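Only a predicted model underlies this, so the values are computations on that prediction, with no experimental measurement involved. So you know, we letter chains A, B, ... as the sequences are listed, proteins then strands, and number each from 1.
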Amino acid sequence: MGSDKIQPRTLKGFRDLTPEMMIPREGIVAAAKGVYESFGFSPIDTPALEYTEILLGKGGAETDKQLYRFTDNGGRDVALRFDLTIPFARFAAQHIGSLGTPFKRYHVGPVWRGENTQRGRYREFVQCDFDTIGTTSIVADTESTLVIHDLFVALGFERFSVRLNNRKVLSGVLECLDLADQAENVLRALDKLAKIGPEKVTAEMVSTAGCSEAQAAEVLALAAITGDNAAILTALEPLVGHSKQGQQGLAELTAVLEGVQAAGVAEGRVRLDLSIARGLDYYTGTVFETFLDDLEGIGSCCSGGRYDDLASLYTKQALPGVGASLGVDRLLAAMEELGMLEGRAASAPVFLAFFDAERASDYVALAARLRAAGVGVELYPEPRKLGAQLKYADRRGHRLAIIVGPDEWKAGCCQLKDLDAKTSDEVALDDLASVCLQRLG
RNA sequence: GUGGGUGUAGCUCAGUUGGUUAGAGCGCCGGUUUGUGGUACCGGAGGCCGGGGGUUCGAGUCCCCUUACCCACCCCA
């Protein structure tokens, strides 16, 4: 037997968002848009579905496995995008003729990865990307770093750091050690340093990357470098040695740091971190990740880098680029965990109680007048008990409540309650709009 | 995909060596003379004990499978 109802449920890694979560998420996106636009990035959009060949192999073997892929009704092999960068590369290759270079865009939208879920990791999540393409200038890297910095400041974070590194530096060091062809295995082993210790890392380098003990020790020396940005740069110089690539990477890092400093960014907010080695396969120069000091465990909330040959997969025209992706949903999870969300479910800041059942039209008219004056107002739809209405308003998180009963209507005034401060004042209806605007700041 | 943990009311959890009508706190709804919310008092609703199978006279409690979530690995936003 059982119920004849279909059990309501959502797929693993997919979730519904209630107003309490959606309102702050919209806030994050709005803040991001504001910062992006202040740097001159323009919005674009692309389809969620792409031909599989567009996406396959572009993000590395790992993203291929995570692809949501199927055959559409027309027999086409299609897949859901797993990030916004690859579709943008395709977009750029297709439209760059009319767009012109350099081109700066931002893009907000959901992406899908069929991987295991974890804290702050979902199968469907929103990214908020910005990229500059059509220039190899390091200034673009510098400005990208500043975008990330300004973004986290705009979101209200004090304690965070943008971790900066450059793939060319790592490659250069490995080149000097004759390990260039084992870069991936070496860096993967190196990345585990903090977790498993130098001895095991050395062992792994020897076994998986074919390093000698001496080579492994040199690589570990790289990770041992600490200190402020200037100290790290100095220490890197000998390690990079004669590698042309390494020297260029070092010069790029230096340039970015100089630019960031010139822009007045506080020391420590942007810092070199030689462990930021990985990321998607297509990064070739600057790479960055962003960590919250109070919640490092949740991972990077904004990552990106320079990719000098990404669009070349789709066009002969050289379209180098640099950009990053803000993980909106991960950031939202972090902010929730850090208690940064207000928990307001009300979109309109002002609540208007429906008190006198005989005056429905008067309430509607009053609400309309306030809205016309720029005050967001929610009129309760039923003349329920006042206590119940106020409880509703309080729970939803309205800031102000307006009460107009028979007596007030006659007197042309109302009770204006501040729901947060728990105070109440008598205000003339003629002054109500301006008083509300003033209270709401 | 691998390993470990958890899954009992909306939420956080109790549930004794398997034994009759499964509990608490918070939340929710209603009420405390039909005009005022976060406090107090009273009352109420709400659980196929994640799902399926097995052992047993009897299972929330034991065994198997499955599913979801959490943690680690891996990878990443």
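Aromatic rings from A:F160 and A:F291 are positioned such that their centres are separated by 6.0 Å or more.
Applying the 3.5 Å distance criterion, the base of B:rG35 shares no donor-acceptor pair with the side chain of A:D356. For A:E408 against B:rG35, a side-chain N or O and a base N or O form a donor-acceptor pair under 3.5 Å. Within 3.5 Å, no donor on the side chain of A:R113 pairs with an acceptor on the base of B:rC75, nor the reverse.
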Query - Which nucleotides of RNA chain B pair, in dot-bracket form (Watson-Crick or G-U under 3.5 Å, | meaning another strand) - result: (((((((..((((.....[...)))).(((((.......))))).....(((((..]....))))))))))))....
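If you take atom P in B:rA68 and the same atom in B:rU16, they sit 29 Å apart, rounded to whole Å. For the P atom pair drawn from B:rA22 and B:rC13, the interatomic distance equals 23 Å after rounding to whole Å.
Cation-pi geometry between A:R15 and A:Y122 is satisfied (NZ or CZ under 6.0 Å from the ring centre, within 45° of the ring normal).
For the pair A:K391 NZ and B:rA40 P, the interatomic distance rounds to 12 Å; values are reported in whole Å. Rounded to an integer number of Å, the gap from A:Y392 OH to B:rC29 P is 12 Å.
Nearer the 5' end of RNA chain B, as judged by each residue's closest nucleotide, is the contact made by A:F355, out of A:F355 and A:E115. Annotation: of the two residues near RNA chain B, A:R123 and A:D420, the 5′-most nearest-nucleotide partner is A:D420.
OP1 or OP2 of B:rG37 has not a single side-chain nitrogen or oxygen of A:K385 nearer than 4.0 Å. Contact annotation: A:R395 reaches the phosphate of B:rC28 (side-chain N/O to OP1 or OP2, under 4.0 Å). For B:rC76, the OP1/OP2 oxygens have no side-chain nitrogen or oxygen of A:Q66 closer than 4.0 Å. Taking only side-chain nitrogens and oxygens, A:K12 never comes nearer than 4.0 Å to OP1 or OP2 of B:rU67. Close to B:rG30, at under 4.0 Å from its OP1 or OP2, lies a side-chain N or O of A:R384. Under 4.0 angstrom from either OP1 or OP2 of B:rC76 there lies no side-chain N or O belonging to A:S303.
At the heavy-atom level, A:G13 lies under 4.0 Å from the strands shown only through sugar-phosphate atoms. Counting any heavy atom pair closer than 4.0 Å across all strands shown, A:Q415 reaches a base atom.
At least one donor-acceptor pair closer than 3.5 Å links the side chain of A:T52 to the backbone N or O of A:V78. Of the possible donor and acceptor atoms, one in the side chain of A:T284 sits under 3.5 Å from a partner among the backbone N and O of A:D308.
Of the candidates A:F41, A:Y106, A:F88, A:F130 forms a ring-ring contact (aromatic ring centres under 6.0 Å, His included) with just one, namely A:F41.
Evaluation of the side-chain hydrogen bond (donor to acceptor under 3.5 Å, both in side chains) test over residues 17-35 of chain A, restricted to residues two or more places apart or in two chains, returns A:T18-A:E20, A:R25-A:D329.
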